[in-house]
Chemist: 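First the structure, then my questions, so here it is.
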2 protein chains.
Amino acid sequence: MFLGTHEHSIDEKGRLAIPARFRAELAGGMVVTRGFDRCLLIFPLPFWSDLTRRVSALSLTDEDARMLRRLLFANASEQEMDRQGRILLPQSLREGGGLADQAVLVGLDTFIEVWAPDRWREVEERLASQGPRFDEQMRKLGI
Amino acid sequence: MFLGTHEHSIDEKGRLAIPARFRAELAGGMVVTRGFDRCLLIFPLPFWSDLTRRVSALSLTDEDARMLRRLLFANASEQEMDRQGRILLPQSLREGGGLADQAVLVGLDTFIEVWAPDRWREVEERLASQGPRFDEQMRKLGI
DNA sequence: CCACTTTTCCCCACTTTTCCCCACCTGCCG
DNA sequence: CGGCAGGTGGGGAAAAGTGGGGAAAAGTGG
């Protein structure tokens, strides 16, 4: 269960520290790839396998499905932590996420999002202002 | 079953004592997150898991679902009590709840609300003065 | 095919923060 | 008045985060 936001630095070698609370769940390996809102996604390997199975089952002829495949797989990178609990973010991914020397890791229960700090603050503001919009959604889910 | 209001201090390290009456039910762990009226919520872990299962099952590609996920999980924090029955409130949550050095814990049967004392007094006043307004709502609920 | 250069990446060490535990204080109950 | 339980504060040990050095591997040119 990944929870909370954690701001960490990315050092000159492109390494990003994983918050200690998240490490146990990623010990079995992870995949880093590009997300949907110019952020990066970190999936534990089991979650990733499940995701890829469903995406690979999609039609080859559907344009949206092809684009989804490219987004997910073309920039994906399997990573393991070094003994200090860090991973190396390949340059292509850092560019894709607009990341420089700081990153915000956001735990979303089953996976993690990685944001450039200023971009994440924008998302937070949108969340604060759009709060009421979610009431209905949550009611639908019975929450 | 959480009942009653309890005012406790938050010390310089951001620690909040859980009322002794509440501890047994939170021994298995808890999740602290932001509520809806600038208060914090404390859920026992089983209650939380039940709450989040449906959200985590939502689609990754749906924008509204992604925002809902962020709203719910980004400011949440899993906590356990120390031997003195206290939990640590991360700074982001203290800010989110407008909390300084005092907090009011309000037991609401299945979960707990945490309020800044002055804000809680406002709520109490509204309860006292607006009591009659709830008649119709309660009739709807069949109470 | 060999040697040199460059990059990758692993590990060590320092600094800061976290958090755990001990001890004290206060108020309630017997 | 003494004992106990709940609440509060502070000190110390352990862990987390960060930066840097060195060895191995990969890439490049002679």
Side-chain angles (χ1 to χ4, degrees), chain A residues 1-27 29-32 40 42 75-95 99-107 112 114-117 120, chain B residues 1-32 40 42 45 75-95 99-107 112 114-117 120:
Chain A
M1 182 167 59
F2 304 110
L3 294 178
T5 64
H6 308 259
E7 184 158 353
H8 282 200
S9 64
I10 298 175
D11 66 23
E12 289 183 356
K13 298 178 182 177
R15 294 176 299 186
L16 172 67
I18 302 293
R21 294 251 173 122
F22 292 177
R23 285 178 196 167
E25 216 162 331
L26 296 173
M30 75 194 85
V31 172
V32 188
L40 303 183
I42 301 178
N75 290 292
S77 161
E78 187 172 1
Q79 290 290 331
E80 291 197 0
M81 290 175 279
D82 63 19
R83 203 182 278 183
Q84 281 68 41
R86 294 176 291 195
I87 56 170
L88 186 76
L89 291 180
Q91 184 150 11
S92 64
L93 282 175
R94 266 177 283 155
E95 285 168 9
L99 296 168
D101 60 344
Q102 288 289 111
V104 177
L105 291 102
V106 184
I112 302 166
V114 183
W115 291 82
W120 171 246
Chain B
M1 185 166 59
F2 304 111
L3 295 177
T5 67
H6 307 259
E7 183 157 353
H8 283 210
S9 65
I10 298 174
D11 67 24
E12 287 184 356
K13 296 179 180 177
R15 293 176 299 187
L16 171 68
I18 302 293
R21 294 270 173 89
F22 292 177
R23 285 178 196 167
E25 209 164 339
L26 296 172
M30 74 196 83
V31 172
V32 189
L40 303 184
I42 301 178
L45 213 43
N75 288 295
S77 166
E78 186 174 3
Q79 291 291 330
E80 292 196 0
M81 289 176 280
D82 63 18
R83 205 183 275 183
Q84 282 67 42
R86 292 175 293 193
I87 57 169
L88 185 78
L89 292 180
Q91 182 152 11
S92 63
L93 283 174
R94 267 177 283 154
E95 285 169 10
L99 296 169
D101 61 345
Q102 288 291 112
V104 178
L105 290 101
V106 185
I112 302 167
V114 183
W115 291 84
W120 172 245

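Side chains included, hydrogens not; waters and symmetry mates left out as well; all remaining heavy atoms used. Model, not experiment: these values are computed from the prediction.
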Chemist: Starting at atom CG of B:Leu16, determine the distance to atom C1' of C:dC19, rounded to an integer number of angstrom.
Modeler: 16 Å
Chemist: Can you check whether any acceptor in the base of D:dG10 is under 3.5 Å from a donor in the side chain of B:Arg15, or vice versa?
Modeler: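 Check passes, donor-acceptor contact within cut-off.
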Chemist: CD1 of B:Ile10 versus C1' of D:dG7: gap in Å, rounded?
Modeler: 14 Å
Chemist: Using whole Å, report how far CD of B:Gln91 lies from P of C:dT17.
Modeler: 12 Å
Chemist: From the options D:dG6, D:dT18, D:dT8, select the nucleotide whose nearest atom is closest to the side chain of A:Ala17.
Modeler: D:dT18
Chemist: Which heavy atom of B:Pro117 sits nearest to which heavy atom of B:Gln102, and what is that distance?
Modeler: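 For B:Pro117 and B:Gln102, the tightest heavy-atom pair comes out as CD-O, 3.4 Å.
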Chemist: Ignoring the backbone of A:Lys13, work out which of D:dG17, C:dC11, D:dG22 is nearest its side chain.
Modeler: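 The answer is D:dG22.
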Chemist: Does the structure show a Watson-Crick or G-U wobble partner for D:dA26, both distances under 3.5 Å? Name it, or say none.
Modeler: C:dT5
Chemist: Heavy atoms, side chains only, cut-off 4.5 Å: are B:Met30 and B:Ile112 in contact?
Modeler: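 B:Met30 vs B:Ile112: side chains apart.
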Chemist: For a quick check, tell me whether the side chain of B:Arg83 and the base of D:dG7 share a donor-acceptor pair closer than 3.5 Å.
Modeler: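 Side chain to base: no pair below 3.5 Å.
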Chemist: Considering every strand and a 4.0 Å limit on heavy-atom distances, what is the contact class for A:Glu12: base, sugar-phosphate, or nothing?
Modeler: nothing
Chemist: Does CD in B:Gln84 sit with more than 12 non-hydrogen atoms of other residues, nucleotides or ligands closer than 6.0 Å?
Modeler: yes
Chemist: Considering only C:dA13, D:dG6, D:dA16, which nucleotide approaches the side chain of A:Gln84 most closely?
Modeler: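 Nearest nucleotide to the side chain: C:dA13.
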Chemist: Can you measure B:Arg86 atom CZ to C:dT18 atom C1' for me and round it to whole angstrom units?
Modeler: 14 Å
Chemist: State, with a plain yes or no, whether a side-chain heavy atom of A:Trp120 is found less than 4.5 Å away from one of A:Glu7.
Modeler: no
Chemist: What nucleic acid atoms does A:Ile18 come within less than 4.0 Å of, heavy atoms only: base, sugar-phosphate, or nothing?
Modeler: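 The residue A:Ile18 makes sugar-phosphate contact but no base contact.
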Chemist: What's the CG-C1' distance between B:Leu89 and C:dT18, to the nearest Å?
Modeler: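 Interatomic distance, CG of B:Leu89 to C1' of C:dT18: 15 Å.
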Chemist: Measure CG/B:Asp82 against P/D:dG6 and give the value in whole Å, please.
Modeler: 14 Å
Chemist: Nearest heavy atom decides the nucleotide; on that basis, is B:Met81 or A:Met81 closer to the 5' end of DNA chain C?
Modeler: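 Its nearest nucleotide lies further toward 5', so the answer is A:Met81.
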Chemist: Looking across every strand, which nucleic acid part, if any, lies under 4.0 Å from B:Asp11 by heavy atom: base, sugar-phosphate, or nothing?
Modeler: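 If one applies the 4.0 Å heavy-atom cut-off, B:Asp11 turns out to touch the sugar-phosphate alone, with no base involved.
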Chemist: Does the side chain of B:Leu99 come within less than 4.5 Å of B:Leu16's, by heavy atoms?
Modeler: no
Chemist: Taking any strand in view, what nucleotide pairs with D:dG9 in a Watson-Crick or G-U wobble way, both distances under 3.5 Å?
Modeler: C:dC22
Chemist: Rounded to whole Å, how long is the line connecting atom CG of B:Leu88 with atom C1' of C:dC21?
Modeler: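 One finds 15 Å between C1' of C:dC21 and CG of B:Leu88, rounded.
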Chemist: Report yes if the side chains of A:Val32 and A:Val114 come closer than 4.5 Å at any heavy-atom pair, otherwise no.
Modeler: no
Chemist: Compare the minimum distances between each of D:dG17, D:dG22, D:dG9 and the side chain of A:His8, then state the nucleotide with the smallest one.
Modeler: D:dG17
Chemist: What's B:Arg21 touching, base or sugar-phosphate or nothing? Going by heavy atoms closer than 4.0 Å.
Modeler: nothing
Chemist: Rounded to the nearest angstrom, tell me the gap between atom CD in A:Gln79 and atom C1' in C:dC10.
Modeler: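 The distance from CD of A:Gln79 to C1' of C:dC10 comes to 14 Å, rounded to the nearest Å.
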